[in-house]
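The block underneath contains the structure these notes are about, expressed in structure tokens.
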Amino acid sequence: MSDRRQTPGYTVVLPHVDLPAMEREILAFWQDNDTFARSLAQTEGGEPWTFYEGPPTANGQPGVHHVEARVFKDVFPRFRTMQGRHVLRKAGWDCHGLPVEIAVEKELGFNGKGDIEAFGVAQFNARCRESVERHVGEFERMTERMGYWVDMSAAYRTMDPSYVESVWWSLKQIFDKGLLVQDYRVAPYCPRCGTGLSDHELAQGYETVVDPSVYVRFPLTSGPYAGTASLLVWTTTPWTLVSNTAVAVRPDVTYVTATDGVETLVVADPLVGQALGEGWTVVDRFAGAEMERWRYQRPFDLLDWPAGADGHFVVLADYVTTEDGTGLVHQSPAFGADDLAVARSYQLPVLNPVKPDGHFADDVREVGGLFFKTADKTLVRDLEARGLMFRHLAYEHAYPHCWRCHTALLYYALPSWYIRTTQVKDALLAENEKTTWVPENIKWGRYGDWLHNNIDWALSRSRYWGTPLPIWVNDQDPSQRVCVGSLAELGELAGRDLSGTDPHRPFVDDITFTKHGVPGTFRRVPEVIDGWYDSGSMPFAQWGYPHAEGSVETFERAFPAAFISEAIDQTRGWFYTLMAVNTIVHGRSSYENVVCLGHILAEDGRKMSKHLGNILEPIPLMEEHGADALRWFMAASGSPWQMRRVGHGVLQEIVRKTLLTYWNTASFLTLYADANGWAPGGEVPAPAQRPLLDRWMLSELNRLVSDVTAAFEVFDTQRAGRLLASFVEDLSNWYVRRSRRRFWAGEPAALATLHESLATLTLLMAPIVPFVTERLWQDVVRPVTHDAPESVHLAAWPQADGALVDPQLREQVALVRRLVELGRAARAASKVRGRQPLGRALVGAPGWATLPEELRREVADELNVLAFEPLSSAAGELVDHSVKGNFRALGKRFGKDTPTVAAALARADAAALAQSLRTTGTASVLVDGSPVTVSPEEVVVTETPREGWAVETAAGETVALDLTITPQLRRAGLAREAVRLVQEARKASGFEVTDRIALRWSADGEAAAAIEEHGAAIAEEVLARSFEKADLLGAEGPVHRDDGLGLAFTLTRSQQ
RNA sequence: GGGCCUAUAGCUCAGUUGGUUAGAGCGCUGCCCUGAUAAGGCAGAGGUCACAGGUUCAAAUCCUGUUAGGCCCA
């Protein structure tokens, strides 16, 4: 690989590293050694842990948000693989759908379906296919660079014939169950272009227009007001009154009858004034629910009502509002989605007198042949002539128009194919019940709510690039329909070999067949299906199930998935279709655990968009900071299930705080192991024989193993990341820092402890940051471990050794670190620099008395003090005591008397109380005149010395420093000062940390005395072979001087 | 209009089963330390924990409502 120094032991890790360059080397290493495939081969016999890849739509460039889900799709499979599970990872690409078509239309400069038809569907679809293949390449590069291990060579593509045939097979299952049906669907529709519009298209075409606003009387013919009152109905589309079917009211709204003395009208109570104006008196009030099925006389009699069909009565609907109009909404199911839904629930007919070109059918009386909008005038005149018009105004509002030709759109019922998911709603809810959602609230919230409000799945699309709906209809008797489950089956029906036929439009459109003895020809319906159905079919279609050889076995082994993960927008998308398709086809959902991620925002908190210019592209981002940094961010920064901002700042911080700290700890290990010729495997004391600090580190390590494992088991990468980061911090900034001298000396226990910690840490971090852990595995673990696997990703997940976990030691080291913090604060406040040794410190803290001497020395060392005395040993009159209640403990025992007891404690004689607690373990206070006994856990006693000390105290713990500096202490301080100057000079002269030196020095007075007194110690500390006082006049090499200390010296590299 | 999420320091975010000085990192200022580190330590500035009620001896935490932002659906 690069210029690394090989030694018999470790490969020395240099402190400075170019992480992105290192990652490229690792990618080559994995490729050369086929590591991913080996990890699968190695776990072949293991219990499967099934993962499904939700196929990204291969449309447009991959973005940073694609990295997010892909990190999760990689972390858990890597984790499970290390645990010995067999985790198949088959890539997939979603190829069909409107987004692809729109992108191609844009490339070709097209302007709608007419252009596509003129261009030719075959050529158009070929362009779509080409576009998909182009974008798949970009996704593959991003996937590769980020280290997402997924088998792209065997990727499923939803446009592949075997995939399409498998989807056909599943549709046939649904068709045979009677759940795939044709019905009407109301959608925005342009009568001039003859096409439906998507929501996206709709949004860009609103124009302000003036429409008639009419209030029309519908005389009641049944119910309590039959013949005496009329419903008052408001609409801005008089032309839809021709096909009026019902009037909707809201069941929980109060309605009234009101009269002006001449007539009586029914309106919603809140709208009486607004709808009727002045001069009306309310006669009666009733709930909307009471009005159900009151019949009325329909406004126009221009259409023949279908024989046997009901209609023209009041229906109940929750979508009715009392914001405008009259609270009574005219229903025309062919021209409103809400109307259609209501009509379905009341089994009302769908009458559509308007032809697809926007003109009334010729056989409609009076307005036959008129354009729908033009008919308004005629109809309004007619209503006025018959006395049904209550009020007629001009109404200005935004109305959707075709963005291409500016024709007013109409909401129009088009025949459409549905899957009756409402009929399997209970099964879906039951499947959801069995599913584990992360985060949990999605299950009952966003997703559960969606299931509860389930509506039938509108499956068909009047488009070109999609899985063709495999239904052939008899052109003479449309009730005869055949759903085809494969090309072979179609070939049999058509009487010719169709294998090798592209199962897309227009090729399948050309295939027709007849049935013996049945008049008419079967022709395919023109629609393709929703691309979401394709992706929902992936559990079986990715194997070509059931047609492809071996697909049945493969499918059954890998169904359902243990784990899937996508962003939150997939609740209504893939999470739903995956559950819905498989619940209908296979009788159960296809996943057990689902991790649902929040969205990724730009650094400015907004969505990334070209328009805003705040896009971060994934590959450049990874080339700048490294894929590991981006992966760590995705897995562990903030809450992955909430939306998060990504930017350079946060990635730099991850690199500096976590990845480089980890790296440099390894670098430190190899530096001193190399310097001392040490490698693991030799004589090393057993953990129990090692110093307490080592045992503490190993205790933390084994805790970490179980905690991180537990976090991964419940898919909590955030927690795993926090645990790992704080371990790295402890290892580097406490364990290594505190143990430096032992490393300089090459002490096996220290080196072994650090090695063991790093080796295990590397395994634990491998799923999240596979690159840097691989590098260190190769340099720090593999060369010194005779049976080490070739890659960290082929290694087994570590097991915690509970015997090494020592909770008491954990507490004690935590105390040590708190005391060090207090001591440092005291020093900072006293302005005595850390290099100046102090004679003694007083410590007052629960737990100090039992703290092992070894750990007390840690405190002494950090604070540079020579000795300790317990605060409590100082005579009472030198120490102030204060006592405070521990509310947490008191609250449990005293409940609502807690404040009283706390107040009593605060009033009590603190010194006596402390004394009693110290000697007898309990103390007594008077609460409301009666004595109450408290334990040490229930009070916080703080002891502070009165005078002459530098004191810091917190939460009942005190450190006090004796600031008296004797001449002896001063000389020791000067010696330390001299050491620092020499070390600085060593560094400035570019010496290696292991170089021996010859030192010549000169000084006067106290400095000279200090250096002579501590000469041997100084020499040892700075690795001086020779250490002599000399006249430096005319000395060779540069003379280092420090005027403050009055010291001058030269140093030269000593040979051996 | 409905469902869900979010609101804590200038910024990014922690904050366990409610417990009395609300934390960390980044950034800023000053000082200190340095035989690994792009590091580290101490101190300072910076908070009415969105708002209003309620429950409780005790609320950032539980409940209700409001406001603002986001996502999805109508």
Side-chain angles (χ1 to χ4, degrees), chain A residues 13-17 318-321 323 337-338 341 439 441-442 444-450 452-453 455 567-573 598-599 601 603 605-607 637-639 641-647 649-650 652-657 659-672 675 718 722 725-726 729 732-734 736-737 740-741 743-744 820-829 831-835 862 864 884-892 894-902 940 952 954-955 979-980 983-984 986-987 991-995 1021-1023:
Chain A
V13 176
L14 300 174
H16 293 269
V17 57
D318 286 328
Y319 82 89
V320 174
T321 70
E323 273 165 22
D338 290 323
N441 65 281
I442 306 280
W444 303 115
R446 184 178 282 230
Y447 189 75
D449 179 60
W450 161 253
H452 275 286
N453 297 313
I455 53 167
I568 189 153
D569 51 280
Q570 297 298 330
T571 41
R572 266 84 165 172
H599 282 129
L601 301 178
E603 203 158 16
R606 293 188 288 185
K607 250 189 205 174
S637 281
S639 297
W641 26 90
Q642 280 163 26
M643 59 186 175
R644 296 176 290 171
R645 302 177 180 193
V646 68
V650 66
Q652 277 159 4
E653 192 179 327
I654 289 164
V655 168
R656 287 209 330 264
K657 304 270 329 168
L659 301 182
L660 287 181
T661 307
Y662 163 64
W663 179 273
N664 280 305
T665 307
S667 169
F668 180 89
L669 169 64
T670 62
L671 175 65
Y672 288 103
Q718 180 193 27
R722 251 211 301 280
S726 85
E729 156 80 18
S732 169
N733 288 323
W734 188 255
V736 170
R737 194 162 62 77
R740 267 189 291 220
R741 282 166 190 281
F743 288 102
W744 303 342
V820 165
E821 235 175 77
L822 287 171
R824 281 198 283 236
R827 249 191 196 272
K831 304 275 184 212
V832 179
R833 49 181 21 182
R835 239 174 275 125
E862 277 289 304
N864 199 12
K884 218 171 94 178
N886 176 357
F887 277 80
R888 191 169 215 140
L890 291 177
K892 282 209 178 84
F894 296 105
K896 65 178 172 182
D897 295 325
T898 306
T900 322
V901 178
V940 179
E952 282 293 327
V979 168
R980 183 184 68 88
Q983 300 290 31
E984 231 165 52
R986 280 182 60 114
K987 206 170 190 175
F991 289 9
E992 296 288 323
V993 294
T994 50
D995 283 340
E1021 190 79 2
V1022 302
L1023 303 182

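Throughout, a chain's letter reflects where its sequence line sits, starting with A, and its residues are numbered from 1.
- The side chain of A/Arg656 lies closest to B/C26 when the candidates are B/G15, B/C26, B/C73.
- In this entry the distance linking CD of A/Glu862 with P of B/C33 reads 14 Å, nearest Å.
- A/Val820 comes within 4.0 angstrom of nothing in the nucleic acid, heavy atoms only.
- Checking B/A74, B/G15, B/G35 against every side-chain atom of A/Tyr672, the shortest atom distance belongs to B/G35.
- Comparing A/His16 and A/Arg644, the nucleotide of RNA chain B nearest to each residue sits closer to the 5' end for A/Arg644.
- One interatomic measurement links the two molecules: CZ of A/Arg572 to C1' of B/A74, which rounds to 10 Å at whole-angstrom precision.
- Spacing between B/A39 and B/C28 at atom P, rounded to whole Å, works out to 11 Å.
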Please enumerate all protein N or O atoms sitting under 3.5 Å from an N or O of nucleotides 4-9 of chain B, with distances to 0.1 Å.
none

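- Mapped onto RNA chain B by nearest heavy atom, A/Trp744 and A/Gly885 fall at different nucleotides, with A/Gly885 at the one closer to the 5' end.
- Here the P atom of nucleotide B/A24 and the CZ atom of A/Arg722 are 15 Å apart, to the nearest Å.
- In terms of modelled atom types and a separation under 3.5 Å, the side chain of A/Arg737 and the main chain of A/Asn733 share a donor-acceptor contact.
- Rounded to an integer number of Å, the gap from CG of A/Leu659 to P of B/A38 is 15 Å.
- Across all strands shown, B/G40 pairs with B/C32; the Watson-Crick or G-U wobble distances both stay below 3.5 Å.
- Across all strands shown, nothing is found opposite B/U17 as a Watson-Crick or G-U wobble partner with both distances under 3.5 Å.
- With B/C26, B/C73, B/A36 as the choices, the nucleotide that has an atom nearest any side-chain atom of A/Lys657 turns out to be B/C26.
- Residue A/Thr665 is classed as a base contact, given a heavy-atom separation below 4.0 Å to a base.
- For the residue pair A/Thr661 and A/Arg656, the shortest heavy atom distance occurs at OG1-O, 3.2 Å.
- Which of B/A38, B/C11, B/A14 sits closest to the side chain of A/Leu660 comes down to B/A38.
- B/A14 and B/A9 have their P atoms separated by 12 Å, given to the nearest Å.
- Here, B/C63 and B/G19 have their P atoms 15 Å apart, quoted to the whole Å.
- Distance check on atom C1': B/U48 versus B/A60 gives 12 Å, rounded to whole Å.
- Using a 4.5 Å heavy-atom threshold, the side chains of A/Thr571 and A/Trp450 count as separate.
- Look at the P atom in both B/C26 and B/G40: the space between them is 6 Å, to the nearest Å.
- Using C1' as the reference atom, B/C49 and B/A59 are 11 Å apart when rounded to the nearest Å.
- To the nearest 0.5 Å, the span separating CG on A/Asn664 from NE2 on A/His16 amounts to 7.5 Å.
- Atom CZ of A/Arg645 and atom P of B/G70 are 12 Å apart (whole Å).
- Pairing partner, B/C26: B/G10, with both Watson-Crick or wobble hydrogen-bond distances short of 3.5 Å.
- With hydrogens and angles ignored, the 3.5 Å screen pairs a side-chain donor or acceptor of A/Thr670 with a backbone N or O of A/Ser667.
- Without hydrogens or angle criteria, A/Arg644 side chain to A/Ser637 main chain gives a donor-acceptor distance under 3.5 Å.
- You'll find that the side chain of A/Glu729 is closest to B/G41, out of B/G41, B/G15, B/G35.
- For a distance-only test at 3.5 Å, the side chain of A/Ser732 qualifies as a donor-acceptor partner of the base of B/A36.
- Distance CG (A/Asn733) to P (B/C33): 18 Å, rounded to an integer number of Å.
- Taking syn as a glycosidic angle within 90° of 0, B/G23 does not qualify and is anti.
- Counting only heavy atoms from C-beta on, A/Arg888 has its side chain closest to B/U17 among B/G27, B/A36, B/U17.
- At whole-Å resolution of the value, CZ in A/Arg737 and C1' in B/U34 are 10 Å apart.
- Between A/Val17 and A/Leu660 the shortest side-chain heavy-atom distance falls below 4.5 Å.
- In this structure, the CG atom of A/Asp338 is 8 Å from the C1' atom of B/A74, given to the nearest Å.
- The partner of B/C62 is B/G54, by the rule that a Watson-Crick or G-U pair needs both atom distances under 3.5 Å.
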Could you list all N or O pairs between the protein and nucleotides 55-60 of chain B that sit under 3.5 Å apart?
unit_1: B/C57; atom_1: O4'; unit_2: A/Lys896; atom_2: O; d: 3.4
unit_1: B/C57; atom_1: N3; unit_2: A/Gly895; atom_2: O; d: 3.3

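- When both pairing distances are held under 3.5 Å, B/C71 makes a Watson-Crick or G-U pair with B/G3.
- Taking the side chain as every heavy atom from C-beta outward, A/Ile442 and A/Ile568 approach each other to under 4.5 Å.
- A sub-4.0 Å separation between OP1 or OP2 of B/A14 and a side-chain N or O of A/Gln718 is present.
- Of the candidates B/G25, B/C73, B/A36, the closest approach to any side-chain atom of A/Glu653 belongs to B/G25.
- Taking atom C1' in both B/G41 and B/U66, one finds a spacing of 46 Å when rounded to whole Å.
- Taking the C1' atoms as reference points, B/U29 lies 44 Å from B/G54, given to the whole Å.
- Contact annotation for A/Asp449: backbone-only contact, meaning every heavy-atom pair under 4.0 Å involves sugar-phosphate atoms and none involves a base.
- A/Thr898 and A/Gly891 make their closest contact through OG1-CA, 3.4 Å (heavy atoms, listed as atom of the first residue, atom of the second, distance).
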